[in-house]
Amino acid sequence: MTVRVRMAPSPTGYLHVGTARTTLFNWLYARHNRGTFILRIDDTDQERSTQDFEDEILGSIRWLGLEWDEGVGAGGPHGTYRQSARLDRYAALARGLVESGHAYYDDRAPEELEGLRSQAQKEGKHPGHYIRRPAEVATSGAIRLSIPQDETVEFTDLIRGDLSFAPADIDDFVVLRSNGTPTYHLASTIDDIDYEITHVARGEDLLPSTPKHVLLTRALGHDEPVYAHLPLLFGTDGKPLSKRHGATALTAYREAGFLPEAVFNYLAILGWSPDGETTIFSREQAIATFDLVDVSRNPAAFDPEKLAWMNGEYVRAMDIVEFATRIRPHVEEAVGRELSGGEWATFNEIAPLVQERTKLLPEAGQQVVFLFTDLEGYDEQSWDKVMTKEGVGEVLEAGISALTDLDRWDAGSVEDALRALPARLGLGAGKTFQPLRVAVTGSAVSPPLFESIAALGRERSIERLQQARKELG
RNA sequence: GGUCCCGUCGUCCAGAGGCCCAGGACGCCGGCCUUUCAAGCCGGAAACGCCGGUUCGAAUCCGGUCGGGACUGCCA
């Protein structure tokens, strides 16, 4: 039997990192088993569903590299893979359920139902205990599934093991609303049957609904798929992941300059690992070893700091040409204009040094702005810390003459010339080089000094040293 | 309130009765390297929620307890 798994986002919001991880695990499971990964759109909620959200979700999934084999945009033998196109089918099957005696019409008023519920709660019982088929069944209204009371519902969860639910704790839930539209339970269950889904891996929040889906599937005359309920994602404080923990939309990470392969790796490590030692691994390695049964049962905290560290690992592991190419947009963004071919050549000279100290791509742009824009002043802290010291003026002057007399202009020559300064001035290396750094780059924090000066060029380097000398008064 | 799920360092993961006075990673602390910032290297602090039981032996099995979470809609 080939594995067929699906992801079924509702286009009513952005792709949440938790949903992204669920998608990732489904994808990994399909790839590991050489199965089929299906993408379906659960857009029964026409009010809240939008094309923009759908585009955003699909774009995010593609960005992560989780291509799907069947479904929206990819085609397949099951039509549009959009629930909004299948409303008639859901309604027809719901009515069939009434005919076969598995379901019944219910036209009781909301207030009446509410009364039954609060009564059940008052008595410490499950609402299902009261929301049952009335003696007098209606001939119209919503359609509820009738839960057989003589049998406990049992099924196996790949992650949690054998689970069982007492029928009294399952209410006769609505499958078709009185307006004829299906509930999530109905549409999702029918789709899983029609699309021949073999494994349903979803968030643990759906676990309490699973016995309903099992019963519904059986009432429809089929065997239920294998379920796997993934632990939910939390913040590092143990509270459910929300805005106050930072961005929860995957696109926010994309825009912040995270690499898709790093996000992929990080999401995978939330609730799973290939072994006890490995933290960084390729998608091929993940595919080779992934299995749903190995997924952790307890909730995982999404830690942006660890993600950032991991992103740095991926940035540094990147091929230098690729790195230089990928940060171009960020460099131009930081500089505020497009760069010329010559400027790119300059940039490429120090790109390897920038790469080493980059965690997020946009930071890389910040590191090189000094090369392509005029210095608009100095970083205040840097100035106070290094430029207000005794002897800074002499250092700058020595630097100016050392560079002016240079025959050749490259990092090595610049280094040779400047290395001689500390001894000549009777100062420590730091006392000599830091003032030069601040003068040339505007900050006490920058890429390595000699390479920076070499890349800046003789004329502009000396200009900046003179400018700083002037600022000193 | 009820049903269900979960419980190893601050965080993620490893551990499926002796290999564990618990291992790897992020973060943190200290050191080395060093002209800055990173990176790298070395070292350190840091956990089996609690109580019983089973067993020669328990992080691993059982029970209870406490704590956290999800669900409890004609939302998904």
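Sequence lines set the chain letters: A, B, ... in the order given, protein chains first and strands last, and positions in each chain run from 1.
- The partner of C56(B), taking Watson-Crick or G-U wobble pairs whose two distances both stay under 3.5 Å, is G18(B).
- One interatomic measurement links the two molecules: CG of D169(A) to P of C4(B), which rounds to 6 Å at whole-angstrom precision.
- We find that R6(A) and D192(A) are joined by a salt bridge, their nearest charged nitrogen and carboxylate oxygen being less than 4.0 Å apart.
- Across all strands shown, G49(B) forms a Watson-Crick or G-U wobble pair with U65(B), both key distances being under 3.5 Å.
- At the heavy-atom level, G271(A) lies under 4.0 Å from the strands shown only through sugar-phosphate atoms.
- When the ring pair (Phe, Tyr, Trp, His ring centres under 6.0 Å) test is applied to F450(A), the partners found at least two apart in sequence or on another chain are F433(A).
- Each of F264(A), F290(A), Y314(A), W272(A) was compared with F281(A) under the ring-ring contact (aromatic ring centres under 6.0 Å, His included) criterion, and only W272(A) meets it.
- Comparing D107(A) and E123(A) by the nucleotide of RNA chain B that holds the closest heavy atom to each, the one mapping nearer the 5' end is E123(A).
- Checked against the 6.0 Å centroid criterion, the rings of F302(A) and F234(A) do not qualify as a close aromatic pair.
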I'd like a list of close polar pairs between nucleotides 70-73 of chain B and the protein, N/O only, cut-off under 3.5 Å.
from, atom 1, to, atom 2, distance (Å)
A70(B), O2', D205(A), O, 3.4
G73(B), OP2, R117(A), NE, 2.8

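- Residue L163(A) is in sugar-phosphate contact alone, with no base atom involved, counting any heavy-atom pair closer than 4.0 Å across all strands shown.
- The side-chain contact (heavy atoms from CB on, under 4.5 Å) test with E224(A) singles out one residue from V214(A), I193(A), L216(A), and that residue is V214(A).
- A gap of 12 Å separates the P atoms of C6(B) and C62(B), to the nearest Å.
- Nucleotides U3(B) and G73(B) have their P atoms positioned 15 Å apart, rounded to a whole Å.
- Remark: E47(A) CD is loosely packed, at most 12 non-hydrogen atoms of other residues, nucleotides or ligands lying under 6.0 Å away.
- Rounded to a whole angstrom, the distance from the C1' atom of G44(B) to that of C9(B) is 14 Å.
- The CG atom of D106(A) sits 9 Å away from the C1' atom of C74(B) (whole-angstrom rounding).
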### Query
Given L267(A) and L64(A), is the side-chain contact (heavy atoms from CB on, under 4.5 Å) satisfied, shown in steps?
CA-CA 10 Å; L267(A) 253 21; L64(A) 270 181; 4.2 Å; yes
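- Applying the Watson-Crick and G-U wobble criteria (two distances, each under 3.5 Å), C71(B) pairs with G2(B).
- When both distances must be under 3.5 Å, the Watson-Crick or G-U wobble mate of G40(B) is C32(B).
- Following rounding to the nearest Å, N298(A) (CG) and C48(B) (P) show an atom-to-atom distance of 16 Å.
- Rounded to whole Å, the C1' atom of C32(B) lies 30 Å from the corresponding atom of A14(B).
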## Note on the structure
For nucleotides 21-39 of chain B, 5' to 3', base contacts (B), sugar-phosphate-only contacts (S) and non-contacts (-) with protein non-hydrogen atoms under 4.0 Å give --BSBSS-------BBBBS
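- Taking the P atoms as reference points, G69(B) lies 38 Å from G57(B), given to the whole Å.
- Rounded to whole Å, the C1' atom of C21(B) lies 15 Å from the corresponding atom of A46(B).
- A salt bridge links K212(A) with D171(A): the closest approach of a Lys/Arg side-chain nitrogen to an acidic carboxylate oxygen falls below 4.0 angstrom.
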Identify every side-chain donor-acceptor pair in residues 156-167 of chain A under 3.5 Å, counting partners at least two apart or on other chains, and give the distances.
from, atom 1, to, atom 2, distance (Å)
T156(A), OG1, D162(A), OD1, 2.9
D157(A), OD1, I159(A), N, 2.8
D157(A), OD1, R160(A), N, 2.9
D157(A), OD1, H229(A), N, 3.4
D157(A), OD2, H229(A), N, 3.0
D157(A), OD2, H229(A), ND1, 2.7
R160(A), NE, H229(A), O, 3.1
R160(A), NH1, R297(A), O, 3.4
R160(A), NH2, H229(A), O, 2.8

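- Toward the 5' end of RNA chain B, the nearer of the two residues P110(A) and K122(A), judged by each one's closest nucleotide, is K122(A).
- In this structure, F281(A) atom CZ and C13(B) atom P are separated by 12 Å, rounded to whole Å.
- An OP1 or OP2 oxygen of A76(B) is reached within less than 4.0 angstrom by a side-chain nitrogen or oxygen of T44(A).
- Under the Watson-Crick or G-U wobble criterion, with both distances below 3.5 Å, U11(B) is paired with A25(B).
- Looking at heavy-atom distances under 4.0 Å, H185(A) makes contact with a base.
- A close approach under 4.0 Å does not occur between any side-chain nitrogen or oxygen of S178(A) and OP1 or OP2 of C74(B).
- Spacing between G7(B) and A16(B) at atom P, rounded to whole Å, works out to 16 Å.
- Between the P atoms of A22(B) and A45(B), the separation comes to 10 Å (whole Å).
- Comparing U11(B), A76(B), C13(B) against the side chain of A300(A) picks out C13(B) as the nearest.
- Remark: C1' of C13(B) and CG of N265(A) are 12 Å apart, rounded to the nearest angstrom.
- Within the nucleic acid shown, F165(A) comes within 4.0 Å of sugar-phosphate atoms alone, with no base atom in reach, counting heavy atoms only.
- Rounding to whole angstrom units, OH of residue Y104(A) and C1' of C74(B) are separated by 12 Å.
- Residues passing the side chain to side chain contact (heavy atoms under 4.5 Å, CB included) test with A92(A): none are found, sequence neighbours excluded.
- When rounded to the nearest whole Å, the span between CD of E47(A) and P of A76(B) equals 12 Å.
- Here C12(B) presents its C1' atom at 16 Å from CG of D294(A), a figure rounded to the nearest Å.
- The cationic group of R40(A) does not satisfy the cation-pi geometry with Y195(A), failing either the under 6.0 Å distance to the six-membered ring centre or the 45° limit from the ring axis.
- Partners of F347(A) under the side chain to side chain contact (heavy atoms under 4.5 Å, CB included) rule, at least two apart in sequence or in another chain, are A324(A), I327(A), V331(A), W344(A), A351(A), V368(A), F372(A).
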